[in-house]
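For reference, the structure discussed in these notes is given below.
This one's a predicted model, so the numbers in the text were calculated from it and none came from an experiment.
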Amino acid sequence: MGIPNDDVVLIQLPNKPSEPTVVTVNCPDKPGLGCDLCRTIFEFGLSITRADFSTDGRWCYIVFWLVPNVSNFDWESLKNRLFSLCPSCLIPFYYFNQHGGYGNGNGNGNSTRSSPVYLLKLCCLDRKGLLHDVTKIFSELEFTIQRVKVMTTPDGRVVDLFFITDGMELLHTKKRRDDTTEHLNAALGKYCINCELQLAGPEYESLKVLPSLPPTVAEELFTYELADKEPSSKEMKATVTVDNQLSPAHTLLQIKCVDQKGLFYDILRTSKDCDFQIAYGRFSSSEKGYRNMDLFIRQADGKKIADPKHQAALCSRLKEEMLHPFRLLIVNRGPDTELLVANPVELSGKGRPRVFYDVTLALKQLGICIFGAEIGRHSSLDRQWEVYRFLLDDSHEFPLASSRARSKIVDRVRSILMGW
């Protein structure tokens, strides 16, 4: 037994196309729930225009105002996915958090099984934008790419190994597997030579760790000081203000930052990883390109954040994660040119949604061919990073030896990733 789906996740469609859809989640609380919900909303390509949430540590109530990126969005699939993240009312949640705190914790207190990983082998004739087109199909099918190995042969063929998980948890059925291969064959048409789908074997583990980055490249990619970075024309120096006077039991964080894709997710994943408890929060609509957010928080021990050093460290971490959630770099890899994109991995082990989708979209828009790609993990500065490596084809429009061409590529990729 449990709470019915319709009582936990309620979706109210708008009366006018210009209005957002209102999604309400009303369920028992658990550590990291807010981050997990935002992550799933992010995976579906939705924009959060507003959000309100509150909890007493046992029960939470969350309202999202969402805007889809397509006109025929499947709200029922989103509802099912959000419902799957919500705990059953039969679980004794006071064991999770005696003091109360929405969106906190690293998630280890909640026993959830990991989704099985499947290997999809795809052999195609090469063409511009092929990798993004396949990634777009995966997004429509609710697949998440965990690892990838893309290789181009001298005769113009592409061999892709995609290690994927299924958001619908149905790939164990023959119908879902057959539907997937039929969908790919239909979408790719004459370019598709062969498509195979099966459970991943030992080869998946071998691809988790990337070939080591040269020390100089790793240092340039990961060594980062917030104070040394000047904001670009699209950025501002995000402000985080700490107030311990307004509430007798909570520290108030007042956050202001430029509006960008995944901002709410970045804030909540930081709260989850830093293990502070959010009792109430409000994520306001964009005003003149900026977002404001108020968070009433406590430490894991239920106390206010009173230590000035702790306050400063938290503010600095939030600013870094909001303004620079990615590291981008173009380097030489032997005779080839490689685009590197890195983002922090949550303590729960999850990477950021839609990075591969957005990077391949940016390169497709620029008309740049990708003849090799990999996704793996890299540990640096006491953190784990997900690193995307793309080998790029030189062209007349983008001579990759040119610093101007490289800067234009990095700027376009960053703009797509940030939603600018």
State, yes or no, whether a side-chain contact exists between R354 and S139 at a heavy-atom distance under 4.5 Å. yes

Can a donor-acceptor pair be found between the side chains of T251 and N244 at a distance below 3.5 Å? yes

For L263 versus V258, what's the shortest heavy-atom pair and its separation? CD2-O, 3.8 Å

Which heavy-atom pair separates C35 from E346 by the least distance, and what is that distance? SG-OE2, 3.8 Å

Do L314 and I297 have side chains that get closer than 4.5 Å, going by heavy atoms? yes

Run the numbers on L246 and F296 for side-chain contact (heavy atoms from CB on, under 4.5 Å), then give the verdict. CA-CA 10 Å; L246 187 63; F296 287 85; 4.1 Å; yes

Between F53 and Y61, is the ring centroid distance below 6.0 Å? no

For Y191, enumerate each residue passing the side chain to side chain contact (heavy atoms under 4.5 Å, CB included) test, keeping only those at least two apart in sequence or located in another chain. L125, R127

Residues that R50 engages under side chain to side chain contact (heavy atoms under 4.5 Å, CB included), provided they are two or more places apart: D52, W65, S285

Measure across L188 and C124 and return the closest heavy-atom pair with its distance rounded to 0.1 Å. CD1-SG, 3.9 Å

Just checking Y280 against H250, ring centres under 6.0 Å apart? no

For the residue pair F390 and Y388, does the interplanar ring angle fall in the parallel (under 30°), tilted (30 to 60°) or perpendicular (over 60°) class? parallel

Mutual orientation of the aromatic rings belonging to F222 and W385 [parallel < 30°, tilted 30-60°, perpendicular > 60°]: tilted

All side chain to side chain contact (heavy atoms under 4.5 Å, CB included) counterparts of T152, not counting sequence neighbours: D126, V158, F371

Sequence neighbours excluded, the answer for side-chain hydrogen bond (donor to acceptor under 3.5 Å, both in side chains) partners of Q311 is none

Can any side-chain N or O of S47 pair as donor or acceptor with the backbone N or O of T49 at less than 3.5 Å? no

Nearest-0.5 Å distance that lies between atom CG in L329 and atom CG in L340: 5.5 Å

Any salt bridge (Lys or Arg N to Asp or Glu O under 4.0 Å) pairs touching residues 285-295, not counting sequence neighbours? D259-R291

Can you list every side chain to side chain donor-acceptor pair (under 3.5 Å) pair that touches residues 177-187, not counting sequence neighbours? K174-D178, K175-D179

Sub-4.5 Å side-chain heavy-atom contact between V150 and L161: no

Here the pair of heavy atoms bringing L46 nearest to P68 is CD2-CA, 3.3 Å

Between atom OG of S77 and atom CG of L82, what is the distance when rounded to the nearest 0.5 Å? 10.5 Å

Is any side-chain heavy atom of F398 closer than 4.5 Å to one of I409? yes

D166 side chain to L171 main-chain N or O, any donor-acceptor pair under 3.5 Å? yes

Is the number of heavy atoms from other residues, nucleotides or ligands within 6.0 Å of NZ (K136) greater than 12? no

How far apart are the closest heavy atoms of L85 and K30, and which atoms are they? O-NZ, 3.1 Å

Partner set under ring-ring contact (aromatic ring centres under 6.0 Å, His included) for Y357, not counting sequence neighbours: H132

Who are the side chain to side chain contact (heavy atoms under 4.5 Å, CB included) partners of Q12, not counting sequence neighbours? V22

Between C38 and L268, does a side-chain contact (heavy atoms from CB on, under 4.5 Å) hold up when you go through it step by step? CA-CA 8 Å; C38 284; L268 290 189; 3.6 Å; yes

Looking at I164, T165, V355, L120, which one forms a side chain to side chain contact (heavy atoms under 4.5 Å, CB included) with I145? I164

Inter- and intrachain pairs under salt bridge (Lys or Arg N to Asp or Glu O under 4.0 Å), touching residues 183-193, at least two apart: none

Distance check, rounded to the nearest 0.5 Å: L392 atom CG versus I330 atom CD1? 6.0 Å

Hey, is the main chain of A312 close enough, under 3.5 Å, to the side chain of S316 for a donor-acceptor pair? no

Only one of F163, Y118, F356, F162 passes ring-ring contact (aromatic ring centres under 6.0 Å, His included) with F138; say which it is. F162

Residue pairs passing the ring pair (Phe, Tyr, Trp, His ring centres under 6.0 Å) test where at least one lies in residues 23-43, sequence neighbours excluded: F42-Y265

Could you check whether any side-chain N or O of T173 sits under 3.5 Å from a backbone N or O of L170, counting only pairs where one atom can act as donor and the other as acceptor? yes

Carefully, step by step, assess K272 and E321 under the rule salt bridge (charged side-chain N to carboxylate O under 4.0 Å, His left out). CA-CA 13 Å; K272 180 179 178 181; E321 300 298 338; over 6 Å; no

One should read off an interatomic distance between D36 CG and S348 OG, to the nearest 0.5 angstrom, of 7.0 Å

Are the side chain of D275 and the backbone of S271 linked by a donor-acceptor contact shorter than 3.5 Å? no

Do R327 and V387 come close enough that some side-chain heavy atom pair is under 4.5 Å? no

After noting the C-alpha distance and the side-chain angles of E386 and R377, does the key distance pass the salt bridge (charged side-chain N to carboxylate O under 4.0 Å, His left out) rule? CA-CA 5 Å; E386 195 151 58; R377 299 288 171 96; 3.2 Å; yes

Pair D160, K149 - check salt bridge (charged side-chain N to carboxylate O under 4.0 Å, His left out), show working. CA-CA 6 Å; D160 298 338; K149 181 77 171 180; over 6 Å; no

Set of side-chain hydrogen bond (donor to acceptor under 3.5 Å, both in side chains) partners for S407, sequence neighbours left out: none

Take R147 and E374, measure what salt bridge (charged side-chain N to carboxylate O under 4.0 Å, His left out) needs, and give me the verdict at the end. CA-CA 7 Å; R147 298 290 179 272; E374 296 175 284; over 6 Å; no

Shortest non-hydrogen pair, P20 vs V67, comes out as CB-CG2, 4.1 Å

Steps toward side-chain contact (heavy atoms from CB on, under 4.5 Å) verdict (K261, W420): CA-CA 8 Å; K261 187 187 298 183; W420 291 335; over 6 Å; no

So, using side-chain hydrogen bond (donor to acceptor under 3.5 Å, both in side chains) as the criterion, who are the partners of K364 when residues are at least two apart? D133

Any side-chain donor-acceptor pair under 3.5 Å between Q299 and H310? yes

Without swapping roles, check the side chain of Q260 against the backbone of M322 for a donor-acceptor pair under 3.5 Å. yes

